[in-house]
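Worksheet: the structure to be examined is printed underneath.
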Amino acid sequence: PAFSLFIFTIARDPLRIIILIAGAFFWLVSLLLSSLIWFIAVKASDPQDEQLQKGLLIFGVMFSVLLQEAFRFLYYKLLRKAIEGLVALSEDGCSPISIQQMAYVAGVGFGLMSGAFSMINLLADSLGPGTVGIHGDSQLYFLTSAFMTMVLIFLHTFWGILFFHGCEHRRWWEIAAVVIMHLTVSGLSFCNPLYVGSLVPSYLLMVAAAAWAYLLSGGSAQNLRRFLLCKC
Amino acid sequence: MITFMNNSDSEEEPCNERTSLMSAESPPVPSYQDGLQASEAGEAQAHRKRRAGSSRGPNNIAGGEMSGSGVPVRESALENEEEELTLKYGAKHVIMLFVPVTLCMIVVVATIKSVRFYTEKNGQLIYTPFSEDTPSVGQRLLNSVLNTIVMISVIIVMTVFLVLLYKYRCYKFIHGWLILSSLMLLFLFTYIYLGEVLKTYNVAMDYPTLFIVIWNFGAVGMICIHWKGPLQLQQAYLIMISALMALVFIKYLPEWSAWVILGAISIYDLMAVLCPKGPLRMLVETAQERNEPIFPALIYSSAMMWTVGMAKPDTAARGPSQQTWDAAEDGREHLRSPSHAESQMSETRSAVPTRPITSSEELEEEERGVKLGLGDFIFYSVLVGKAAATASGDWNTTLACFVAILIGLCLTLLLLAVFKKALPALPISITFGLIFYFSTDNLVRPFMDTLASHQLYI
């Protein structure tokens, strides 16, 4: 679904593609830094201690989330400046792309990159021979991974919109809400393989974030109804 | 090299008249190409104010951050109304380069992942005489550095040779050389490639069919690249050639040498294009003096080329074939003075020889293209292909390198817009790519693997 989002909404406009790739790049850099920290921490600690490793992993995850949000903020700053540049360069005084569109594209960029990194090795392995969960792990590994990745991609998209909106209007509580949501979702994934614990709340959060982002983007229940009614 | 191609109505513009593009060949030439476009655009830019508009384009994205330094430049750009029209197409240029680079990389990665042949070590090129099978790390490092030195010196020698040939107007020789090498590429390497692919998928093929297929492919390729052909077919052929070349490199360059060579090539590129004493600079100046296109050479162009060519009276006079190359030169010199007078009346000029194509000329006024040297394609693909072949993190590393290269390309185009002269396309992208490759392979991979095994998500 994320890929189809890409094709339908982004691939037309070259500017959006550039923003997308740049967003992916920022996510990548944040991942790099967070894995650097984790790596150092692991190397500096005792590899035999299971609990410590687990704890370090959790720490690594949280730190990575915080870094991701920090990079989202940096990206926001960059895009703000870019908008000014675009406005100055364009002929009729208004930018060819609005900050909300940029927010959306940036969110998709982040999401795609994170999704790709989460899923792609799995996909490659799934092409090969083997049985899922042969060592007593869950048999639904692939499925749940796929769903989790999808929800994460969507969440990144919505968080992008919310985050940028919060930065635009200086509503710090929105930004804080995004960060907290991200932390929550990552934290929920610790419940794996108890999938009920992680997937369901994540989806609920996603729906909430979707509604919020939709409202922020100027949609409303009326629009939704009109859209649905027109179609059928 | 990255350069802008302005399809506007000036005759001195060498880029416009290029109707023949040739394929990448032996190792030296690609890197020569890297600088080539530098010079290309250098002189092109010198002749044109209008292009400033199109060069603004890629500035759009991070234009804001340059707002401080860019303002005075931008003021002058804004004065010219025509330039503003082309601003919209700025991002399009970036995409026009993204797509072929992406395609090339995809082809290379797909082949690497599926066909075993290209990851087996079957020997080395004579350009890299030192083997890397030595037991100690220090020895291996030394060998790879020596390999790099050999390779780079070969490239430098070939480049200087080419510049000398160009300086002394041995065009036929250069032509013959390029034709020969593209012949070899199109036929021999394609044959090997097809053979390996068919072997991998266990498809039976008889020799006559193979002969016909390769003959058609090669013949159409030669025509397309050296003469005239539909733009997209030309682009497709160039991409395939670059991919083939990159695959050859990936196969035959030993591991550490490949990375050191990549680094060294980008440094060389930087120096050859920007230093005043570089051979490529000399090439630019010579070509500028003679006011002719630097070379019918190894570049990828992203916009309508031959339609532009057909709409220009001087290229019409030049004729499509390469045999008239020398005559064309004189023809062009001769034509420049009368057409100068006509350039004021752009309509008459375009109306004279090409009445039916005037519409396309109006179109091409808007279409400004960007040119990228084929050597750049090749080395980007080598980087990504090596990442795909040798990284244990598999797709993550490949993806990371891919994004890094694209971002590097973006930044380079941005700088191109700011500096408005030809720039080496390799250094930034390759640097990013190398950084990301090594860091992703060593740092991110264990992290992601651990996360995936616990099914945690960040």
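Quantities reported herein were computed from a predicted structural model and do not represent experimental measurements. Proteins come first, then strands; the chains are lettered A, B, ... in the order of their sequence lines, and each starts at number 1.
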Worksheet item: Would you call A:V29 and B:F436 a side-chain contact if the rule is heavy atoms closer than 4.5 Å?
Response: yes
Side-chain donor-acceptor distances from residues 101-109 of chain B under 3.5 Å, at least two apart:
residue : atom : partner : partner atom : Å
B:T102  : OG1  : B:F98   : O            : 2.5

Worksheet item: B:S439 and A:L32: which non-hydrogen atoms are nearest, and at how many Å?
Response: OG-CD1, 3.3 Å
Discussion item. Could you work out, with ring-ring contact (aromatic ring centres under 6.0 Å, His included) as the rule, every residue matching A:Y75, not counting sequence neighbours?
Written reply: A:F26
Discussion item. How long is the straight-line distance from OG1 of B:T440 back to CG of A:L28, given to the nearest 0.5 Å?
Written reply: 6.0 Å
Fill in: Under 4.5 Å from any heavy atom of chain B - which part of A:F25
both
Worksheet, complete the sentence: chain A shares the most heavy-atom pairs under 4.5 Å, among B:L399, B:I407, B:V403, with B:I407
Worksheet entry | Closest non-hydrogen atom pair, B:L406 against A:I21 | CD1-CD1, 3.8 Å
